[in-house]
Amino acid sequence: MARLQAKYPGESEYLQAVQEVLESIEEVYNQHPEFEKSRIVERMVEPDRIFSFRVTWVDDRGEVQTNTGYRVQFNSAIGPYKGGLRFHRAVTPSMLKFLGFEQTFKNALTTLPMGGAKGGSDFDPKGKTDEEIMRFCQAFMLELWNCIGPDQDIPAGDVGVGGREIGYMYGMYKKLAREYNTGVLTGKGATWGGSILRPEATGFGALYFTQNLLHPAGKDIKGCKVAVSGFGNVAWGACIKALELGAKVVAISGPDGVCAIPDGITREMIDYMLVMRASNRDRVEDMATKFPAAAHFTPGKKAWSIPCDIALPCAFQNELSEDDAKELKANGCWCCCEVSNMGCQPGAIHFFQHNGILFAPGKAVNAGGVATSGLEMTQNAEHISWSGQEVDEKLHFILKSIHEQCVKFGTQPDGSVDYVKGANIAGFMKVATAMLEQGVV
Ligand code: 2IT
């Protein structure tokens with residue numbers, strides 16, 4: 001860590017993600033001298049390569065805009081590079097390195113053969129029109145197309161990138177590459193190679209994982225109050241499944257504040273989240289404006305200020321602080337499943353784990369999204385499409401298996417399960433073993 005800190009000062013998210021994994025794996029690493037001999041850790045923390053490129057496009061006023069685009073190909077030990085694209089004004093190489101690093105271990109947990117990658121741009125979708133989004137996506141692909149391919153690197157969505165953006169990017173990819181293999185991107189439209197349930201999969205998977213977490217403790221989601229942060233694709237899927245399983249979603253939030261929903265979110269409100277996302281206004285207050293009797297907006301507050309049983313951070317890294325964790329506990333919360341990547345600050349995780357709150361990390365909880373991307377790749381490669389039921393059965397199996405891996409590697413001497421350790425060690429062992437078997441490359 002000291003060497004990395006000196007080499008990459010200021011890359012705080014990246015250093016945070018690496019530190020968490022290294023702390024988790026220290027013990028098993030020391031039991032495997034062959035890993036040390038082959039310098040597995042030194043090789044694993046460094047991305048294989050990073051592409052960085054200028055993206056210039058013209059906005060609706062006819063003005064020329066310039067952003068920076070990136071693709072971080074992190075690790076290919078267990079398969080081709082796989083991971084999403086993030087469009088957000090705060091995107092930096094540090095953010096994408098942390099996400100690519102996390103992705104490597106997450107993908108290893110899915111049981112599917114996928115390496116880790118991440119990419120994106122500091123382009124800010126907020127306030128952009130549909131035409132501007134299209135022109136940006138096309139300009140972005142003008143550079144990205146040369147770095148990706150269905151057997152090399154398969155991007156998908158992340159914050160700020162959904163079905164609409166994937167569509168625009170694929171359209172441009174086809175023109176540039178003269179390749180008509182839809183398998184180069186996942187999260188596509190259902191009529192042109194997209195997997196049924198991919199849009200829902202991250203949220204659905206998170207709730208399946210939560211069920212696997214609660215059942216051994218003799219608990220169930222049914223009847224629980226759930227607080228959700230965000231209102232994007234992940235929060236949307238989580239709300240649908242929470243409702244289906246009989247839970248009550250009592251809060252959703254955005255950068256502007258929180259909407260308390262005392263009687264629980266309805267299907268109509270969940271559908272409206274899609275309208276809010278497509279509007280690019282990035283305001284959760286719009287929910288309270290649309291449904292004034294059901295949702296009450298408070299500016300500047302987080303979802304963690306609303307009393308709940310289960311907290312589901314579904315928005316952004318480091319969105320839940322130690323103080324938030326304490327407020328949750330004081331308000332009766334007893335479980336936090338991290339759905340966003342690195343959504344909880346280290347102090348919050350430490351507090352949960354030492355105060356009897358069930359906690360599971362993003363790379364286990366949210367892996368259903370990329371796992372279903374993996375299922376989309378399989379369907380594309382076979383030129384077939386599976387039914388929703390087939391995909392859902394596989395998703396159930398995958399989340400169950402991820403939970404089992406966490407238990408296998410995370411069970412402590414006192415019988416409790418450290419899900420952070422479990423997920424990190426399980427992912428690490430798979431990637432490290434593959435690297436060892438493939439020699440020093
Ligand atoms: O963080 C993630 O796992 C994603 N954004 C999904 C990546 C993917 O390739 O589906």
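Going from atom CE of Met169 over to atom CG of Leu185 covers 6.5 Å, rounded to the nearest 0.5 Å. In this structure, CG on Asn424 lies 9.5 Å from CG on Leu22, to the nearest 0.5 angstrom. In this structure, Asp256 CG and Asp282 CG are separated by 7.5 Å, a value rounded to the nearest 0.5 Å. In this structure, the separation between CD1 on Ile221 and CG on Leu207 is 5.0 Å, given to the nearest 0.5 Å. Separating the CG atom in Leu85 from the CG atom in Leu99 is a distance of 11.0 Å, to the nearest 0.5 Å. Within the model, atoms OG of Ser401 and NZ of Lys394 stand 14.0 Å from one another, a figure rounded to the nearest 0.5 Å.
With Phe428 as the partner, the ring pair (Phe, Tyr, Trp, His ring centres under 6.0 Å) test is satisfied by one option alone out of Phe35, Phe101, Phe105, Phe409: Phe35. Checked against Trp386 for a side chain to side chain contact (heavy atoms under 4.5 Å, CB included), the options Leu197, Ile196, Leu375 give a single hit: Leu375. Paired with Phe140 under the rule ring pair (Phe, Tyr, Trp, His ring centres under 6.0 Å), one option of Trp145, Tyr173, Trp57, Phe87 passes, and it is Phe87.
Of all non-hydrogen atoms in Ala17 and Phe98, the two that sit nearest each other are CB-CD1, 3.9 Å. Taking both residues in full, the closest heavy atoms of Met273 and Gly230 are given as CE-O, 4.4 Å, listed atom of the first, atom of the second, then distance. Nearest heavy atoms, Tyr168 versus Met134: CD1-CA, 3.5 Å. Closest approach of Thr110 to Ala367, counting heavy atoms only: CG2-O, 3.9 Å. Nearest heavy atom pair, residue Ala360 against residue Leu213, reads CB-CD2, 4.4 Å. Nearest heavy atom pair, residue Leu328 against residue Cys308, reads CD2-SG, 3.8 Å.
Side-chain atoms of Asn355 do not come within 3.5 Å of backbone N or O of Ile357 as any donor-acceptor pair. In this structure, Thr129 contributes its side chain and Glu132 its backbone to a donor-acceptor pair below 3.5 Å. Of the possible donor and acceptor atoms, one in the side chain of Tyr14 sits under 3.5 Å from a partner among the backbone N and O of Val45. A distance-only check finds a donor-acceptor pair linking the side chain of Asp122 to the backbone of Thr68 [under 3.5 Å]. Panel note: side chain Ser229, backbone Cys314; a donor-acceptor pair is recorded below 3.5 Å.
Ring pair Phe209/Tyr419 is perpendicular by interplanar angle, where above 60° counts as perpendicular and below 30° as parallel. Under the 30°/60° scheme for interplanar angles, the aromatic rings of Phe123 and Phe136 are found to lie parallel.
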- Task: For the pair Gln65 and Asp59, evaluate side chain to side chain donor-acceptor pair (under 3.5 Å) and give the outcome as yes or no after the intermediate values.
- Result: CA-CA 7 Å; Gln65 301 284 346; Asp59 70 17; 2.9 Å; yes
- Message: Quick one, Glu42 with Arg3, criterion side-chain contact (heavy atoms from CB on, under 4.5 Å). Give me CA distance, side-chain angles, the key distance, then yes/no.
- Response: CA-CA 10 Å; Glu42 286 85 339; Arg3 273 206 303 271; 3.3 Å; yes
- Message: With side-chain contact (heavy atoms from CB on, under 4.5 Å) as the criterion, how do Val184 and Glu179 come out once you've worked through the C-alpha distance, each side chain's angles and the decisive distance to 0.1 Å?
- Response: CA-CA 9 Å; Val184 68; Glu179 293 271 357; over 6 Å; no
- Message: Is there a side-chain contact (heavy atoms from CB on, under 4.5 Å) between Ser38 and Arg43? Walk through the geometry before answering.
- Response: CA-CA 9 Å; Ser38 192; Arg43 291 159 60 193; 2.9 Å; yes
Contacts under 3.5 angstrom, residues 433-441 side chains, donor-acceptor by atom type, not counting sequence neighbours:
| from | atom 1 | to | atom 2 | distance (Å) |
| --- | --- | --- | --- | --- |
| Thr433 | OG1 | Met429 | O | 2.5 |
| Gln438 | NE2 | Ala77 | O | 2.8 |

Only distances under 3.5 Å count here; give the side-chain donor-acceptor pairs of residues 334-354 to other protein atoms, sequence neighbours excluded, each with its distance to 0.1 Å.
| from | atom 1 | to | atom 2 | distance (Å) |
| --- | --- | --- | --- | --- |
| Trp334 | NE1 | Asp309 | OD1 | 3.2 |
| Glu338 | OE1 | Gly362 | N | 2.6 |
| Glu338 | OE2 | Gly343 | N | 2.9 |
| Glu338 | OE2 | Cys344 | N | 2.7 |
| Ser340 | OG | Pro313 | O | 3.3 |
| Ser340 | OG | Glu319 | OE2 | 2.6 |
| Asn341 | OD1 | Lys106 | NZ | 2.9 |
| Asn341 | OD1 | Asn366 | ND2 | 2.9 |
| Gln345 | NE2 | Asn318 | O | 3.1 |
| Gln353 | NE2 | Asp418 | OD1 | 3.2 |
| His354 | ND1 | His350 | O | 2.8 |

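Taking 4.5 Å as the limit, some side-chain heavy atom of Phe53 sits within range of a side-chain heavy atom of Leu144. Within the 4.5 Å cutoff, side-chain heavy atoms of Arg164 are placed close to those of Asp130. No side-chain heavy atom of Ile154 sits under 4.5 Å from any side-chain heavy atom of Ser373. For the pair Lys421/Glu27, a side-chain contact is recorded, criterion being any heavy-atom separation below 4.5 Å from C-beta on. Using a 4.5 Å heavy-atom cutoff, the side chains of Val161 and Ile166 are in contact. No side-chain heavy atom of Ile270 sits less than 4.5 Å from a side-chain heavy atom of Val249. No side-chain heavy atom of Met114 sits under 4.5 Å from any side-chain heavy atom of Gln103. The shortest side-chain heavy-atom distance between Glu46 and Tyr8 falls under the 4.5 Å cut-off.
Applying the 6.0 Å contact sphere to CD of Glu63 captures more than 12 heavy atoms from other residues, nucleotides or ligands. Heavy-atom contacts from other residues, nucleotides or ligands closer than 6.0 Å to CD of Glu26 number 12 or fewer. The number of heavy-atom neighbours closer than 6.0 Å to NZ of Lys128, taken from other residues, nucleotides and ligands shown, is above 12.
A donor atom on one side chain and an acceptor atom on the other are not found under 3.5 Å apart for Thr104 and Asn75. No donor-acceptor contact under 3.5 angstrom links the side chains of Asp323 and Ser321, judged on distance only. Side-chain contact, Tyr29 with Glu36: a donor N or O sits under 3.5 Å from an acceptor N or O. For His215 and Asp220, the side-chain atoms include at least one donor-acceptor pair closer than 3.5 Å.
Applying the ring-ring contact (aromatic ring centres under 6.0 Å, His included) criterion to Phe231, with sequence neighbours excluded, gives no partner residue.
Between Glu322 and Lys326 there is a salt bridge, since at least one side-chain N of the basic residue sits less than 4.0 Å from a carboxylate O of the acidic one.
Pairs engaging residues 358-378 under the salt bridge (Lys or Arg N to Asp or Glu O under 4.0 Å) rule: Glu20-Lys363, Glu102-Lys363, Lys188-Glu376 [sequence neighbours left out]. Applying the salt bridge (Lys or Arg N to Asp or Glu O under 4.0 Å) test to pairs two or more places apart or on separate chains, those with a residue in residues 72-96 are Arg86-Asp158. For the salt bridge (Lys or Arg N to Asp or Glu O under 4.0 Å) condition, the pairs that include at least one residue of residues 67-79, sequence neighbours left out, are Arg71-Asp153.
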